[in-house]
Amino acid sequence: MARELPKIYEPQQVENRIYQMWEEGGYFKPQGKPDAKPFTIVMPPPNVTGQLHMGHAMDATLQDTLIRFKRMQGFDALWVPGTDHAGIATQIKVEEQLRKNEGLSRHDLGREKFLERVWAWKHQYGNRIVEQQKKLGASCDWDRARFTMDEGCSKAVREVFVSLYEKGLIYKGSRIVNWCPHCITALSDAEVEYVDKPGKLWHLKYPIAGEEGRYVIVATTRPETMLGDSGVAVNPNDERYQDIIGKKCILPLMNREIPIVADDYVDLGFGTGCVKMTPAHDPNDFEVGLRHNLEMIRVLDDAGKVNELGGKYQGMDRYEARKAIIADLEELGLLEKIEDHQHNVGTCYRCGNDVEPIVSAQWFVSMKTLAEEAIRSVNDGETKFVPERFTKNYMNWMNNIRDWCISRQLWWGHQIPVWYCADCGHMTCSREDATCCEKCGSTHIERDPDVLDTWFSSALWPFETLGWPDAEAEDLKKYYPTSVLVTGYDIITFWVSRMIVSGLEHMGQAPFHTVLIHGLVRDNLGRKMSKSLGNGIDPLEMIEKYGCDALRMNMVTGNSPGNDMRFYVERTEAMRNFANKLWNASRYVLMNLSEDAKNALPAVEKLEIADKWVLSKLNTLIAEVTENLEKYELGVAVQKVYDFIWDTYCDWYIELTKARLYSEDQERKETAMSVLVYVLDQTLRLLHPFMPFITEEIWQSIPHEGEALIVAQWPEFRQELAFKAEEEQMESVMNAIRAIRNRRTEMNVPPSKKAALFVLTAKPQIFTEGEGFLQRLAYADAVTLLDTEPENLDGMVTITTADAKLYIPMGQLVDVAKELERIGKELENARKFLKSLDAKLSNEKFVARAPEAVVNAEREKQAKTRDLIAQLEQSEAALKKL
RNA sequence: GGAGGCAUAGCUCAGCUGGUUAGAGCGCAUGCUUCACACGCAUGAGGUCACAGGUUCGAGUCCUGUUGUCUCCACCA
């Protein structure tokens, strides 16, 4: 059992082996007893094209920590993994490859052949991200892994589309959509990134029809759209323009008569107060156009070039056309002025090109009624956000909901299940692939070429992964609704809110009761990690260098839910050091362990004060950590475990046991060993959700029952191990020890030299009980324990700690003046503190209203501080005599 | 324009429902090869908890305002 362990912990030697052991042991599958409550998490599916980044590391760590915690608590814990087909991202990736390797575009191959290529790509590379997640220690049930384009998900998507269509919640309509002329597809609102850019505001003169020499002046940032103008609008309350409302003006260059209308949309204060209306190329103009029956003239094609309605500008791209139009207007004297204008330009989140609002026929989900239910559900507390403030975020979006454009002009994705009849024009929307028109029976039908927005399938994730639409699927019945959803705040609207909507609509129940939101991982300057900045830190590299456990610890320590985190390699390093600390503490235990040692606590009578102290502290730790984890305060929980291991267990308890371990007293030695092993075992359990690998590795080496730590039982508070009194006594001993060390350091006493500090304690029994340990800790040879007060106090300085008095022979003081100064400072502090306590305690209101415990504590402090001051004064006086 | 976050030690951040003389990691200073660990041990320096008010016996913690900073949503031609 006591095997030779290397001095330095080497995660690389351990992690893969342990992970394999877990996987082969089937421990990632739900482990609950038949009556166990389920605890389910569905993993936010990463893109198949994805490369593991710090965001994934954060995501996975939090989820894995929760799952492992609940698994150990005895829940039937299930973590469902999967990947997302990621429409545009994947398609572009394969297209790029195609172009690079074969010089072909997707059109050269044709839809069917191209899709074969994408699938081939998926089969070759799609598992990469999964393998990378395993490096994070993710304990997902990989056998249940799903892909948003697999058969089951496709069925779910089809079912949802058709059923929403049948309910009239999906419709095809002309709307202004965000169009990317480079990617040649519509983008949802969320896929547009607004970038502040310097631009120009061109003031154009439109002649008023029939009134020679009179103009309206309109301002625009996109003059090329004037080709499609079908009106000019002013505010109905604008006194400047009352007389021209209802008149017409001549659209320059196109020589078209367009009406001047009045609409509230126009802001009196901006520009000239006259706005050109281009209903086909601006969302606001579109709305105004509908109200006033303005013509919809689309002048740009899908690639952003001027089309046949653009007169002589046909064929130019939008920027060329802009130049040409400005030049022409200037020549005609119709360019009033040009102003610099800073404005927010929508750009494609993929390619970065300016988005062009274009009117086109797209599919939409009517969100209004769906959103109402989603709002109600969260209001009723069926789903809670942690931290709570993100509820506002969610509500804000839901309350201002707009219809969701779900069609994308791509090939990779779920193709829209609608067929158009060439003969009667009817649309057939069907769960099965249609072979003929459902209305006229014609076989001249053609399927809609568009595919669905990737988020359309992601929105179904919590139930499609569990077997839906098969309502009888076992997993669905058992694990839906899921428990917690863990994700970053950046996709609350994209994803979380849409899952809530779909869960309520199709399952009749919100998909999870808690949404745990985390922040973004930023670089050490606070910037987002991104490819273009090249400031990303590769989690796999960190794992290779410091170990997975260290990286995971970095993700949870010192971070609170919803807040961003700056990534400091130093922190990972610190966590690596912590792993090593734990490793060596365990080595110490194992080295001293006898062959036949068992993991059982000795009888209470045999426990010594230090044992009771550590057990009692452990007890508190268990209660607190469990509570923190249940409240999703992972950062607080892990900090406590960390402190316990390093401070309580290593720096104090292990040191306290040394005297016994190296003594001849076999019984005392065994007691200490048993407690050492017991506390280590319990601590490993508490730490396991955070640092799964090293804890499992160590746990396998110490005496244990059960197969693996991953499925071991979570520790519980044990009333019989709460030793309040001993805990306090031990703390007082520790304070004395600290004071001794402090004196020694201040007096520059080298360890080899006796400091000749004499300790008298108010509780001598504490000190006499385990002589050995005090000596050791205080550099024993330098301390003499006294049973009674020294008879002659002359030549002694007295220092008082909470429960002990330290007598220091003057001769040992290196510098009397320095010591006097120190005492002076301490006195000053103590007097100040006492004054504040006196004031507090003489305040009747405080005594009357504060809880008794608080008042008593203050009284106690007051007494102690008085004592302290007296002792300090005594020392001061003694020193002054010298 | 609307909403929200953050502001605590040199740096990065914890601090739960208000209650010890405010904490950690890193960094810094001093000493230490003490028989688990120098990826270590010990000791220490360093903070009017952004500013101004308010509530309270009591505020880093709750409320209001100010300043700085970041983010989300909407997007004005």
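These numbers were taken from a predicted model, which means no experiment stands behind them. Residue numbering restarts at 1 for every chain, and letters A, B, ... go by the order of the sequence lines.
- Of the listed nucleotides (B/C11, B/A14, B/C37), B/C11 has the atom at the smallest distance from the side chain of A/Y568.
- Counting only heavy atoms from C-beta on, A/E633 has its side chain closest to B/C16 among B/A36, B/A77, B/C16.
- Regarding contacts with the backbone of B/A77, every side-chain N or O of A/T220 stays at 4.0 angstrom or more from both OP1 and OP2.
- A/N843 comes within 4.0 angstrom of the backbone, heavy atoms only, and of no base.
- Between B/C11 and B/C49, the two P atoms lie 16 Å apart (nearest whole Å).
- A/N284 comes within contact range of the sugar-phosphate backbone alone, with a heavy-atom separation under 4.0 Å but no base atom that close.
- Residue contacts for A/N400: at a heavy-atom cut-off of 4.0 Å it reaches no nucleic acid atom on any strand shown.
- Between A/D340 and A/K200 there is a salt bridge, since at least one side-chain N of the basic residue sits less than 4.0 Å from a carboxylate O of the acidic one.
- Annotation for A/E630: atom CD counts as buried by contact number, over 12 foreign heavy atoms lying within 6.0 Å.
- Proximity of A/R402 to the phosphate of B/C75: a side-chain N or O atom is located under 4.0 Å from OP1 or OP2.
- The environment of NZ in A/K545 is sparse: at most 12 heavy-atom neighbours from other residues, nucleotides or ligands sit within 6.0 Å.
- Put simply, CE on A/M565 is 11 Å from P on B/A14, counting in whole angstrom units.
- A salt bridge does not link A/K640 with A/D647: every distance from a Lys NZ or Arg NE/NH1/NH2 to an Asp or Glu carboxylate oxygen is 4.0 Å or more.
- Counting to the nearest Å, the C1' atom of B/A3 and the CG atom of A/N399 are 12 Å from each other.
- Between the CZ atom of A/R389 and the C1' atom of B/C70 there is a distance of 12 Å, given to the nearest Å.
- Taking only side-chain atoms of A/M591, from C-beta outward, the nucleotide of B/G44, B/A36, B/A14 with the closest atom is B/A36.
- When the P atom is compared between B/A50 and B/G5, the two are found 16 Å apart, to the nearest whole Å.
- Under the 4.0 Å criterion applied to side-chain N and carboxylate O atoms, A/R222 and A/E356 are assigned as salt-bridge partners.
- Spacing of P atoms, B/A52 relative to B/A59, comes out at 15 Å, to the nearest Å.
- B/U48 and B/A22: their C1' atoms are spaced 13 Å apart (whole Å).
- Straight-line distance between the C1' atoms of B/C16 and B/U61: roughly 10 Å, to the nearest whole Å.
- The P atoms of B/U20 and B/U66 are separated by 32 Å, rounded to the nearest whole Å.
- Look at the C1' atom in both B/A42 and B/U34: the space between them is 11 Å, to the nearest Å.
- Listed pair A/K392 / B/A3 fails the phosphate criterion, with no side-chain N or O lying under 4.0 Å from OP1 or OP2.
- Expressed to the nearest 0.5 Å, how far OH of A/Y649 lies from OH of A/Y588 amounts to 8.5 Å.
- When distances run from any side-chain atom of A/Y489 to the nucleotides B/U71, B/A77, B/A14, the shortest one goes to B/U71.
- Across all their heavy atoms, A/Y546 and A/R576 have their closest contact at O-CG, 3.6 Å.
- Heavy atoms of A/R576 sit under 4.0 angstrom from at least one base atom.
- Nearest to the side chain of A/N563, among B/A14, B/G40, B/C39, sits B/A14.
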5' to 3', nucleotides 18-29 of chain B under a 4.0 Å protein heavy-atom cut-off (B base, S sugar-phosphate only, - none) gives -BSB--SS----
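- The residue A/C274 sits apart from the nucleic acid: no heavy atom pair falls under 4.0 Å.
- Each of A/V266 and A/I654 has a nearest nucleotide on RNA chain B; the 5'-most of these lies closest to A/I654.
- Between A/E828 and A/K832 there is no salt bridge, since no side-chain nitrogen of the basic residue lies less than 4.0 Å from a carboxylate oxygen of the acidic one.
- Between the C1' atom of B/U12 and the CE atom of A/M555 lies a distance of 14 Å, rounded to the nearest Å.
- Comparing B/C37, B/G15, B/A77 against the side chain of A/E655 picks out B/C37 as the nearest.
- Within the nucleic acid shown, A/G199 has no heavy atom closer than 4.0 Å to any nucleic acid atom.
- In this structure, CG of A/L629 is placed 14 Å from C1' of B/C16, rounded to the nearest angstrom.
- Comparing B/A14 with B/A7, their P atoms are spaced 7 Å from each other, to the whole Å.
- For the pair A/D282 CG and B/C75 P, the interatomic distance rounds to 10 Å; values are reported in whole Å.
- Salt-bridge formation is detected for the pair A/E339/A/K337: a Lys NZ or Arg NE/NH1/NH2 atom is positioned less than 4.0 Å from an Asp or Glu carboxylate oxygen.
- Note: A/W646 and A/F578 have parallel aromatic rings, judged against thresholds of 30 and 60 degrees for the angle between ring planes.
- Rounded to a whole Å, the CZ atom of A/F567 is 15 Å from the C1' atom of B/C13.
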The dot-bracket string of RNA chain B, counting Watson-Crick and G-U wobble pairs with both distances under 3.5 Å, using [ ] for crossing pairs and | for pairs to another strand, is (((((((..((((.....[...)))).(((((.......))))).....(((((..]....))))))))))))....
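- For A/I645 against A/L582, the heavy-atom pair with the smallest separation is CG2-CD1, 4.0 Å.
- Between the NZ atom of A/K7 and the P atom of B/U33 there is a distance of 15 Å, rounded to whole Å.
- With hydrogens and angles left out, the side-chain atoms of A/Y489 and A/N563 include no donor and acceptor closer than 3.5 Å.
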